[in-house]
Protein chains: 2
Amino acid sequence: MSSQPVEVAAPVSRVQRKRGRRVQEILATAAELFGERGYDAVSLDDVAERLDVTKGSLYYYFPGKDELAVAAIETLGADWTGRLERLAATVEGSPHERLRALLREHVAIAVGEYPAALRLFLVPSTWPADPRERIKELRRRHDQVFRGVLEEGLASGDFAVTGVDTTLQCMHAAMAQAPLWCGGLESEARERALDELADTLMKLVAAAAQ
Amino acid sequence: MSSQPVEVAAPVSRVQRKRGRRVQEILATAAELFGERGYDAVSLDDVAERLDVTKGSLYYYFPGKDELAVAAIETLGADWTGRLERLAATVEGSPHERLRALLREHVAIAVGEYPAALRLFLVPSTWPADPRERIKELRRRHDQVFRGVLEEGLASGDFAVTGVDTTLQCMHAAMAQAPLWCGGLESEARERALDELADTLMKLVAAAAQ
DNA sequence: CAGTCTATTGACTACTGGGTCAAAGTTTGT
DNA sequence: ACAAACTTTGACCCAGTAGTCAATAGACTG
């Protein structure tokens, strides 16, 4: 039928791609806002206003606030964790060096690119049941990256920890608050603060040689 | 006039004491609820219902939700921090032992007695400006207890830390999440988890001898 | 250009939650 | 017992917000 045999089997039409882009715009804005203020404090009118549309449009793409929130968390969390997973798979060196690189990248992402997204991973208790479960799942996958390197270092004798879970929890807790501490700092001071944080957290795995 | 000269100068009447007790009841309940669900998710009807009264009664004692929240935070925070300050002033031993005792007591209070009050000290960002400032102040005083012991150990050479502030922040962040981890555990497993947490956190001050 | 699918609007409903208040109920002191 | 002070109530107001929907504007296609 068409004069262009190429891209014949394209599963999505142009209009579908356009819709996809719109959905992404909405999700990015929603993640931003939910991250800034938390679930309760963000109304759909707020989201719509930042997108220069009205609330009704959001309901054209999502069945409700919960679903929008879940999708926003999903997108952001998947991107974040994916980058850490890729780093863990490529970075070379001792377990000590690898863990430090992960810590550094994690706080750098949190502070630099998703400064507002923090709250998505912190204390999800005010969120409705459904988003809360998704957040927990994303956190588990997130933790998994660090658990991998940690257990590697344990097996090789580079690390000595009292308990794997506890150590991971302490790391995660400290990292999750990093953006709050570094928020107001200038670039150089911020870099120093992030290095210091990574150094401090490295102590949690003790036996590692500096 | 009275046949009992004792207690003549009592500054408060019986009715005032009664009012004081009522206020304490309200504050305790409010702190409980705010701790469980956070500021936004708690309505004054919720608070009133748990007290078996109606919303109007709360407005007889407090001018508004903000003021109630601030007072509740104040009471709980002062009690908590006061106990840590007293412990810090009395416990004997090396800086290492003193710090560990404080860490242990802190998580024990958080997990055992104020299991719900956690959120008051965590991510105060969804709170209105006024309560938020009070929370920050209380956290500073809270930190001060640990800062004292930490600097003591630094001066005596028992501790070696990269940065005092960063170390305190990591400790605080990890401790703040402790109740979330230990929430579902039975008493013995919980004790073990708390010990493990304290041990792990002690690593942050490194040079300390085990 | 006409017709159809897509996207957006803005007015509407229903409900929740903070805050007010006059009236009723309860304590207290004399 | 009585009056005054204290406490509680429940109905009410109002703003904000999740969610609905018919009407409309815009884009794509024959």
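Just so we're on the same page: letters track the sequence lines, and every chain starts at 1. The structure displayed is predicted, hence computed values, not measured ones.
In this model, the phosphate group of D:dC6 is not approached by any side-chain N or O of B:Arg19 to a distance below 4.0 Å at OP1 or OP2.
When rounded to the nearest whole Å, the span between CZ of B:Phe62 and P of D:dT8 equals 12 Å. Taking atom CG on B:Leu51 and atom P on D:dT7, their separation rounds to 15 Å, with Å as the unit. Distance B:Tyr60 OH to D:dT7 P: 4 Å, rounded to the nearest Å. What separates OH of A:Tyr59 from P of D:dT20 is a distance of 7 Å, to the nearest Å.
Using a 4.5 Å heavy-atom cutoff, the side chains of B:Glu188 and B:Arg192 are in contact. Using a 4.5 Å heavy-atom threshold, the side chains of B:Leu51 and B:Leu58 count as touching.
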Trace of the side-chain contact (heavy atoms from CB on, under 4.5 Å) decision for A:Leu33 with A:Glu36: CA-CA 5 Å; A:Leu33 274 167; A:Glu36 280 171 23; 4.0 Å; yes
Evaluate salt bridge (Lys or Arg N to Asp or Glu O under 4.0 Å) for A:Glu137 paired with A:Arg140, printing each intermediate quantity in order. CA-CA 5 Å; A:Glu137 258 181 74; A:Arg140 267 194 290 277; 5.1 Å; no
Checking A:Lys203 against B:Thr167 for the side-chain contact (heavy atoms from CB on, under 4.5 Å) test, could you report, in this order, the C-alpha distance in whole Å, the side-chain angles of both residues, the deciding distance, and whether it holds? CA-CA 10 Å; A:Lys203 287 193 179 178; B:Thr167 304; over 6 Å; no
Could you go through the side-chain contact (heavy atoms from CB on, under 4.5 Å) check for B:His96 and B:Phe159 one step at a time? CA-CA 8 Å; B:His96 182 271; B:Phe159 297 159; 4.3 Å; yes
Enumerate the protein-to-nucleotides 10-17 of chain D contacts in which both atoms are nitrogen or oxygen and the separation is below 3.5 Å.
none

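Judged by distance alone, the side chain of A:Arg100 and the main-chain N or O of A:Ala198 form no donor-acceptor pair under 3.5 Å.
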Contact pattern, 5' to 3', of nucleotides 22-30 of chain D - B, S or - by protein heavy atom under 4.0 Å: ---------
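Between A:Pro63 and B:Arg22, the residue anchored closer to the 5' end of DNA chain D is B:Arg22, taking for each the nucleotide with the nearest heavy atom.
With a heavy-atom cut-off of 4.0 Å to chain A, the contacted part of DNA chain C has its first and last nucleotide at C:dT6 to C:dG10.
By the 30° and 60° cut-offs, the orientation of the rings of B:His106 relative to B:Trp80 is tilted.
Within the structure, the ring-ring contact (aromatic ring centres under 6.0 Å, His included) test picks out the following pairs touching residues 36-73 of chain A (sequence neighbours left out): A:Phe34-A:Tyr39, A:Tyr39-A:Trp127. Counting only residues at least two apart or on different chains, no salt bridge (charged side-chain N to carboxylate O under 4.0 Å, His left out) pair has a member in residues 58-70 of chain A.
With sequence neighbours left out, the side-chain hydrogen bond (donor to acceptor under 3.5 Å, both in side chains) criterion links B:Glu25 to B:Arg22.
Within 4.0 Å of B:Tyr61, counting heavy atoms only, lie sugar-phosphate atoms of the nucleic acid but no base atom.
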